[in-house]
Amino acid sequence: MATEAPPHGGYLDILRAPHAARLLAGTLVGRLPHAVGPVALTLFVRDQGGSYTLAGGLIAAYGVATALGQPLLGRAVDLKGQPRVQLPAAVLSALGMLLLALTGIGHLGLAYAAAVLAGLFTPPLEGGLRALWPSVLGREDRVHRAYALDAVAQEVMFTAGPLLLTLLVSLWSPAAALLVINALGILGALAVVLSEPSRAWRSAPREAHWLGALRSPGLLALLGSFFFVGLALGSITVAAVAYADDRNAPAVYGWLMAALGLGALLGGVAYGARQWAGAPERRLRVLVLLLAVCYLPLVLVPGPAAMTGLSVLSGVFLAPTLACAFVVVDRHAPRGTVTEAFSWLVTTFGVGSALGSAVAGPAVELAGTASGFAVAGAGGLVAFAVLLATTRVLGAPTAPETPGAGARHAAGADVPAAAHGEKNTP
């Protein structure tokens with residue numbers, strides 16, 4: 001059930017909160033290197049005379065290293081605080097790209113080592129921001145709306161980032177663009193960690209356990225589902241390239257991706273404009289099902305105009321699904337592991353997306369473009385099936401703390417726990 005948000009409860013209310021705009025902007029800028037990493041590496045390798053195979057290899061190394069590094073760095077943030085982890089990680093990641101830009105691809109071992117260094121130390125700014133929202137915004141309804149705003153802002157970043165990269169390449173060179181983007185990443189991380197909320201934030205005390213956040217059955221169920229959501233999205237990117245190739249119109253690919261982003265933007269804005277009652281786990285099942293259903297018409301592969309419209313439709317439930325998933329992560333993350341838990345979601349989604357790209361390629365070659373889009377629909381349906389099969393597990397959040405309790409304690413804020421809402425409350 002949804003109700004209209006009060007006039008004071010929209011996105012502007014979130015952005016007017018002390019530190020909120022700075023944290024959101026700093027996080028988005030700090031994540032630029034990761035957002036444009038694959039494109040930047042491809043342009044750099046091709047400019048150096050390298051093959052697409054080499055570019056793909058470096059991108060794979062960078063992606064795998066990022067997937068490994070995010071939860072480990074997220075756990076370090078929970079244990080040591082944000083400034084002591086986020087900024088050094090951002091600097092080390094940028095140094096990896098600096099090494100690659102200076103040495104080029106002449107020595108393959110060094111090039112791969114540089115890509116791994118850059119990926120492994122990509123700072124978990126995304127999870128860090130979501131851990132900060134409760135201490136910055138207070139009320140639980142505002143935190144949930146901030147999650148929706150975060151999902152919308154991601155769509156803007158993944159659209160604007162490649163455009164900025166292209167501009168920098170046209171003004172200078174791929175190597176210079178690589179350096180500028182990573183310098184901006186350090187500045188973004190710096191803006192976050194020098195803020196008062198980031199410096200004051202401390203995770204709630206945690207139980208020592210080698211599994212960390214992964215000891216939560218509910219979180220494991222969510223990660224299993226979002227692996228397939230990522231797979232669906234990754235397959236769409238490859239299928240969209242094939243669709244553009246079929247029509248000998250490369251620009252169509254850009255239109256399809258922009259349309260998907262527009263759909264996600266519209267869906268996220270609409271979702272965040274309402275207050276949602278009831279358990280978010282139940283709402284997430286509905287959203288994932290709607291996401292899968294909206295992927296299915298893509299297999300019709302109509303003309304470019306109609307396909308662009310279907311792409312908008314396919315993106316409508318993406319940002320709401322992500323925003324709702326952030327709430328579910330917060331409810332199921334074991335005490336003291338919130339940043340690590342959010343980082344696991346990022347990692348799982350990314351690995352699923354990479355596999356989706358890998359699966360869609362052979363599917364297109366064997367059975368045509370429509371089969372590539374069929375992978376997306378199938379991935380969405382499997383994601384829904386996982387949530388359906390784990391209804392009982394997801395229906396019982398196990399984290400005993402209230403959202404932001406650790407941050408509230410560290411900052412010394414006198415905010416009643418009831419203002420945030422118990423995690424165990426459906």
Side-chain angles (χ1 to χ4, degrees), residues 1-3 5 127 130-131 133-134 139-151 211 213-233 267-268 270-272 274-294 316-335 337-349 352 379-405 417-418 420-426:
M1 178 179 179
T3 58
R130 290 164 199 153
W133 283 134
R139 297 198 319 268
E140 187 178 22
D141 64 305
R142 298 176 81 200
V143 173
H144 292 180
R145 191 164 294 114
Y147 288 157
L149 176 61
D150 188 1
L211 280 176
L214 294 183
R215 69 180 184 273
S216 164
L219 181 62
L220 289 176
L222 180 68
L223 295 180
S225 174
F226 267 71
F227 172 83
F228 290 102
V229 173
L231 183 146
L233 196 60
Y271 181 82
R274 290 177 173 270
Q275 293 178 344
W276 297 91
E281 292 83 1
R282 290 198 296 269
R283 186 164 66 252
L284 182 62
R285 285 194 293 273
V286 174
L287 289 170
V288 170
L289 177 60
L290 291 172
L291 184 68
V293 168
C294 289
V316 166
F317 292 100
L318 178 59
T321 297
L322 292 173
C324 190
F326 301 155
V327 177
V328 175
V329 168
D330 193 46
R331 284 163 59 86
H332 288 269
R335 183 179 178 88
T337 68
V338 63
T339 310
E340 180 189 345
F342 279 124
S343 298
W344 272 115
L345 183 67
V346 174
T347 288
T348 304
F349 191 87
L381 292 174
V382 173
F384 170 69
V386 171
L387 292 178
L388 203 59
T390 56
T391 297
R392 180 171 297 181
V393 171
L394 281 168
T398 56
E401 62 184 299
T402 57
H420 295 264
E422 294 294 333
K423 281 193 176 183
N424 290 348
T425 302

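This is a predicted model, so every value here is computed, not measured.
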Start with the C-alpha distance between Arg283 and Trp276, add both sets of side-chain angles, then the distance that settles side chain to side chain contact (heavy atoms under 4.5 Å, CB included), and finish with yes or no. CA-CA 9 Å; Arg283 186 164 66 252; Trp276 297 91; 3.5 Å; yes

Give the minimum heavy-atom separation between [X] and [Y], together with the two atoms involved.
| X | Y | value |
| --- | --- | --- |
| Val338 | Ala333 | CA-CB, 4.2 Å |
| Gly272 | Ala148 | CA-CB, 3.9 Å |
| Gly380 | Ala232 | N-CB, 4.0 Å |
| Ala383 | Val229 | CB-CG2, 3.7 Å |
| Thr339 | Ala131 | OG1-CB, 3.7 Å |
| Ala151 | Ala323 | CB-N, 4.3 Å |

Run the side chain to side chain contact (heavy atoms under 4.5 Å, CB included) test against Thr321 and tell me which residues pass, sequence neighbours left out. Phe226, Leu284, Leu287, Val288, Leu291, Phe317

Quick one: does any side-chain atom of [X] pair with a main-chain N or O of [Y] as donor and acceptor, under 3.5 Å?
| X | Y | result |
| --- | --- | --- |
| Thr391 | Leu388 | yes |
| Ser225 | Leu387 | no |
| Thr390 | Val393 | no |

I need the [X] [atom1] to [Y] [atom2] distance, nearest 0.5 Å.
| X | Y | atom1 | atom2 | result |
| --- | --- | --- | --- | --- |
| Asp150 | Trp133 | CG | CH2 | 7.0 Å |
| Leu219 | Asp330 | CG | CG | 11.0 Å |
| Leu322 | Leu345 | CG | CG | 7.5 Å |
| Tyr271 | Leu149 | OH | CG | 13.5 Å |
| Arg285 | Cys324 | CZ | SG | 10.0 Å |
| Glu281 | Leu222 | CD | CG | 9.0 Å |

Pairing residues for Phe384 by the ring pair (Phe, Tyr, Trp, His ring centres under 6.0 Å) criterion, not counting sequence neighbours: none

Side chain to side chain contact (heavy atoms under 4.5 Å, CB included) for Arg130 and Val329? Distances and angles first, verdict last. CA-CA 10 Å; Arg130 290 164 199 153; Val329 168; over 6 Å; no

Between Gln275 and Arg145, is the side chain to side chain contact (heavy atoms under 4.5 Å, CB included) condition met? List the steps. CA-CA 8 Å; Gln275 293 178 344; Arg145 191 164 294 114; 3.3 Å; yes

